[in-house]
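First up is the structure itself, then whatever we jot down about it.
In listed order, ligands and their atoms are each counted from 1.
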Amino acid sequence: MSTLEVRDVSMRFGGVLAVDGVSFTARSGEVLGVMGPNGAGKTTLFNVISGVQRPTSGSVMLGEIPLNGKPVHAVAACGVTRTFQTPVMFWGLTVRESVEVALAARAFGGAYPPLPARELIPCGLGLRARRRAEAEVRERADAVLERAGIGAMASRATESLAFGEERLLELARALAVEPTVLLLDEPLSGLNPDEVDAVIASIRRARADGVAVLLVEHAVGELLAVADRVVVLDHGRKIAEGAPDAVASAPLVIDAYLGDELEAPAGDRGGEARVTP
Ligand SMILES: Nc1ncnc2c1ncn2[C@@H]1O[C@H](COP(=O)(O)OP(=O)(O)O)[C@@H](O)[C@H]1O
Ligand SMILES: [Mg+2]
């Protein structure tokens with residue numbers, strides 16, 4: 001099974017060292033929580049792992065395969081999938097078609113802008129084979145939506161979705177391709193309690209399926225409850241790593257959060273990132 005290994009990764013933007021010599025591993029079948037105040041470098045770390053940004057130094061390995069230096073699509077082809085702090089939607093498609101795109105792109109090669117599955121299925125196929133391929137993709141898309149708890153949304157246009165529904169669709173789309181590593185950047189923010197439950201259930205199912213899940217989340221209570229291990233970043237550096245309970249009661253971690261709380265404008269994060277021993 002594949003282990004994701006981040007080795008001494010640094011990422012500099014001009015004078016800002018956004019990620020500073022960070023190392024950790026994420027194993028197949030575990031949820032690794034990544035905590036840290038705003039600006040700690042969490043999203044930058046995800047950008048480096050997913051190939052959006054090339055690290056200034058250090059490396060990222062998936063098993064024996066080096067990921068750093070590979071373009072985004074090549075990293076995705078290695079089984080590393082992500083969701084974004086702001087959900088990315090395929091406009092002009094229905095919810096079901098959005099998942100079909102992900103499935104067909106994996107089976108038949110990607111396209112950008114994303115095309116409906118029927119346009120990705122090779123035209124060289126005979127009519128009957130085409131119909132069968134389309135029906136298979138559609139059936140699998142429906143199964144993905146059911147599993148994600150959003151089967152009822154299948155026929156809706158992506159433009160009609162509320163923010164929380166967009167998040168659920170983005171996660172379903174990410175899971176559709178059966179990733180080996182799943183990077184989730186604040187997947188719970190802006191969700192109602194039912195939607196939070198749906199996302200947590202999907203995360204637990206992914207873990208049971210052997211996915212290595214990296215979870216960045218400001219809702220610390222939820223993160224500590226679902227994570228098997230936690231890494232804490234502050235000012236780009238890893239300041240703690242370990243079991244959720246141990247990390248939550250570590251003085252350095254409490255300092256990092258309380259310090260950030262004091263700097264943050266009132267009401268900015270609603271206090272949800274506060275860690276109490
Ligand atoms: N593309 C960029 N150019 C310049 N600075 C950036 C860029 N991306 C992030 N940063 C800076 O890097 C630091 C870490 O940001 P980020 O990774 O978004 O933190 P987090 O996701 O933990 O809130 C911040 O100081 C941020 O301003
Ligand atoms: Mg971020």
Side-chain angles (χ1 to χ4, degrees), residues 4 6-24 26 31-60 67-69 71-72 75 80-88 163-164 166-167 170-171 174 181-191 196 199 203 213-224 226-227 229-241 247-248 250 252-265 267-275:
L4 181 81
V6 171
R7 292 181 184 164
D8 201 19
V9 162
S10 293
M11 183 76 208
R12 177 179 287 285
F13 300 108
V16 178
L17 196 51
V19 177
D20 184 0
V22 169
S23 301
F24 60 80
V31 177
L32 181 71
V34 181
M35 283 171 44
N38 285 328
K42 306 180 298 295
T43 295
T44 303
L45 190 59
F46 275 16
N47 286 340
V48 167
I49 294 170
S50 59
V52 172
Q53 287 162 343
R54 188 185 278 258
T56 309
S57 61
S59 57
V60 180
L67 298 182
N68 51 297
V72 176
V75 174
V80 179
T81 303
R82 73 180 292 187
T83 65
F84 291 83
Q85 236 172 301
T86 306
V88 174
F163 181 80
E166 290 184 2
R167 272 219 188 289
E170 195 191 34
L171 178 57
V181 177
L182 178 62
L183 311 171
L184 302 175
D185 200 351
E186 304 197 18
L188 303 180
S189 77
L191 300 190
V196 167
V199 171
I203 291 173
V213 182
L214 273 70
L215 173 64
V216 164
E217 184 48 61
H218 273 306
V220 170
E222 279 79 0
L223 181 138
L224 294 175
V226 74
R229 288 188 305 126
V230 179
V231 163
V232 185
L233 302 181
D234 188 32
H235 294 103
R237 276 194 298 272
K238 185 176 85 174
I239 60 165
E241 176 172 10
V247 162
L252 259 180
V253 176
I254 295 165
D255 283 353
Y257 272 97
L258 293 179
D260 186 65
E261 282 290 321
L262 294 175
E263 284 163 26
D268 179 36
R269 298 213 320 274
E272 60 185 356
R274 197 173 284 120
V275 177

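- Residue Arg229 qualifies as enclosed at atom CZ: its count of foreign heavy atoms under 6.0 Å is above 12.
- Here Thr43 contributes atom OG1 and Gln53 contributes atom CD; the two are 9.5 Å apart, rounded to the nearest 0.5 Å.
- For a threshold of 3.5 Å applied to N or O pairs, the pair formed by Gln85 and ligand 1 contains no separation below that value.
- Closest to atom 12 (O) of ligand 1, if we only count protein heavy atoms, is Ala18 CB, 3.2 Å.
- Nearest-residue assignment for atom 21 (O) of ligand 1 (options Leu45, Thr44, Thr43; heavy-atom criterion): Thr43.
- Atom 27 (O) of ligand 1 is not flagged as protein-proximal [any protein heavy atom, distance under 4.0 Å].
- Judged by a 6.0 Å distance limit and a 45° cone about the ring axis, Arg82 is positioned over the six-membered ring of Phe84.
- Between the side chain of Arg7 and the backbone N or O of Gly21, no donor-acceptor pair lies under 3.5 Å.
- Atoms of ligand 1 found under 4.0 Å from any heavy atom of Ala40 (numbered from 1 in listed order, with element): 19 (O), 20 (P), 22 (O).
- Atoms of ligand 1 found under 4.0 Å from any heavy atom of Asn38 (numbered from 1 in listed order, with element): 23 (O).
- Residue, atom and distance of the protein heavy atom nearest to atom 6 (C) of ligand 1 are Phe13 CD1, 3.3 Å.
- Not one N or O on the side chain of Thr83 forms a donor-acceptor pair closer than 3.5 Å with the backbone of Leu184.
- Ranking protein heavy atoms by distance to atom 25 (O) of ligand 1, first place goes to Val16 CG1, 3.8 Å.
- The protein non-hydrogen atom at the shortest distance from atom 14 (C) of ligand 1 is Gly39 O, 3.3 Å.
- At a cut-off of 2.8 Å, Asn38 is not counted among the residues with an N, O or S atom near the Mg ion (ligand 2).
- Looking at Arg12 and Ser57, their side chains never bring a donor and an acceptor atom within 3.5 Å of each other.
- Ligand 1 lies within reach of Gly41, whose nearest heavy atom is under 4.0 Å from it.
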Open item on the list: The test is side-chain contact (heavy atoms from CB on, under 4.5 Å); show your working for Val6 and Val48 and say whether it passes.
Closed with: CA-CA 10 Å; Val6 171; Val48 167; over 6 Å; no
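- Taking 2.8 Å as the threshold, Gln85 counts as a candidate ligand of the Mg ion (ligand 2), since one of its N, O or S atoms lies below it.
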